[in-house]
Amino acid sequence: MSRRFQTLFLIILPFLIASAAFAQPPDTLWTRIWDYGHDNDFMKSVQALPDGGYIACGYTYYFDVGNQTWTARLDQDGTEVWLHIEGEDGTDAAHFTAPTADSGFIQCGSTISYTPGIQFGAFARKLNSDGVQEWARLFDDPTVFGDGFYCIREIASGGYVAVGHADSNEIYRLSEAGNLVWRRQMPENGLLPQWVEPTSDGGFLVPSSHYNSDVDAYVFTLYKLDRHGLIEWVNDEAEPGLSIRGEAHCVRQDASGDIYACGWIITNPNVTRKRFYVTKRNPDGSILWSTALPEQSGASADHMVILADGSVVAGGWNQAGFLKERWIVKVSSEGEVLWHRIDLSGQVTCLDQGLDGSIIAAYYPSTINEPSTDLALMKLEPEVDIELEVWNPIIPAAGGLLRYGAQVSNILVNPTPLDAWIVVTGPNGDRIPLNSFPVLLQPGATFTRPQINVWVPGYAPNGEYTLEAHLGVAPPTVPPGGSSGSRNMGLASFTFTKGGSR
């Protein structure tokens, strides 16, 4: 698609007006359950993909073989594109799988299928777009039981970083082929690291728990490492008047360098009740604000993601009698709880924001007699809804006006500044972003524009086009053939044809 064609698209998006605010959490769009009839199945990870689908992983007890790694690629409706259950003759588990820049996947976990005796080995492996293994690397100390990698992330400069336990609590830097570049032992007496966050300066953040002699307790701790894995700073300060003990389970960094982290803390020295905890820190780890939900029998925030509107969503659990409840909590960038969703039975293990702005969460259900029985996913509706209706989907070969209508509504609680932009994909697969500009979504606002006109010139190639309307954080570029870089709170699209017959 030529620049001349790009400049002749005239896009008019609505100006959004204020209305009454809504504080309810989003509804469930769908749930997907994989029930193999066992009591030893766990969904451990789910990540959104640039095509609007998802990659999920965990493990299942498969026939009489033992635990097997479970990996599934799903479309936007949760339907399987492919599913692989793997493992030879032992106890294997996939703990984390994420997309890579080459449209494949990186995965990590634990295995005894390829290790001597009955010892667990920590593994990392690269999968292609069909889930077929390209390479695998095993890191094992045969004298230590319980080895495993729990998180692995691709690094912008190339290669991967993984955390877990191979002969102690460690962080590993791997090459693009999975070969060891370096390994660093984390401080002793800390929590087994289950997350690592690459930072904008090439370093890493690792959440943990560390002994603080000043309060004689293990407290919520963040480690900042440089690009060589050497510790730059440790933040293990108990918050005055708030935390007595705690654990950090997940940490994220936003575009400005600020740090968000979640886990649990205990605030009453006489009551050992864990509180669901989210905090925002300066780039040096010092506290900006903290939010701890009211004391329960026990609760924890186990994973979190920064959304396109600048807020964070954390997922975890709360102990309610003999059962655990699934908790998903949205917190603003200023520490205000915007909504709090509770689903009976289970525990959220991982969540992400999808291409359409929705929240996808991996969890496992629980009952009194069967702590976990199924691998499960739930998808929440986007908080910003865009509806498009095209009036004339066929444009003459000589060119003409494309006419369509648009309606935008939302259940956001606060006025929210976002980017609005259009992406048009042509017959040759070129993706051209158009007319990115800021808008301010008001709480509960709904705006309808019955007709928007777009001029399609005669010299544009004949064929099928797709028009996408985005609201979120506009990417600096839109790569050909994909939506990588888009961070949306809402997304809608339609197709039209140039050169067809009416």
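All heavy atoms count here, side chains included; hydrogens, waters and symmetry mates do not. One is the number of the first residue; the rest follow in order along the sequence.
- Note on ring orientation: taking the six-membered ring where Trp is involved, the planes of F496 and Y465 are parallel (angle under 30°, cut-offs 30° and 60°).
- Two residues are said to be in side-chain contact when any heavy atoms from C-beta on lie closer than 4.5 Å; Y150 and C108 fail this criterion.
- Listed by chain and residue number, Q296, A299, A320, E325, W327 satisfy the side chain to side chain contact (heavy atoms under 4.5 Å, CB included) test with N318 (two or more places apart in sequence, or in another chain).
- Heavy atoms only, all atoms of each residue included: I386 and A469 are closest at CD1-O, 3.7 Å.
- The ring pair (Phe, Tyr, Trp, His ring centres under 6.0 Å) test with Y364 is passed by exactly one of W34, Y59, F42, W70: F42.
- If you check the side chains of Q347 and D302, you find a donor sitting under 3.5 Å from an acceptor.
- Taking the ring centre of W339 as origin, the terminal cationic atom of R341 falls outside the region bounded by 6.0 Å and 45° from the ring axis.
- For Y363 and W317, the ring centers are positioned 6.0 Å apart or more.
- Not counting sequence neighbours, the partners of T199 by the side chain to side chain donor-acceptor pair (under 3.5 Å) test are D201.
- Of the residues H249, K274, E247, the one that meets the side-chain hydrogen bond (donor to acceptor under 3.5 Å, both in side chains) test with S300 is H249.
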Stepwise side-chain contact (heavy atoms from CB on, under 4.5 Å) check, W421 with E468: CA-CA 8 Å; W421 72 101; E468 299 171 355; over 6 Å; no
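- Checked by atom type, the side-chain pair S358/D356 shows a donor-acceptor distance below 3.5 Å.
- Partner of V312 under the side chain to side chain contact (heavy atoms under 4.5 Å, CB included) criterion, chosen from V329, I306, L307, L338: I306.
- Panel note: side chain Q107, backbone A94; no donor-acceptor pair is recorded below 3.5 Å.
- Using a 3.5 Å distance cut-off with no hydrogens or angles, the side chains of T60 and D41 do pair a donor with an acceptor.
- A 6.0 Å sphere centred on CZ of R403 holds more than 12 heavy atoms belonging to other residues, nucleotides or ligands.
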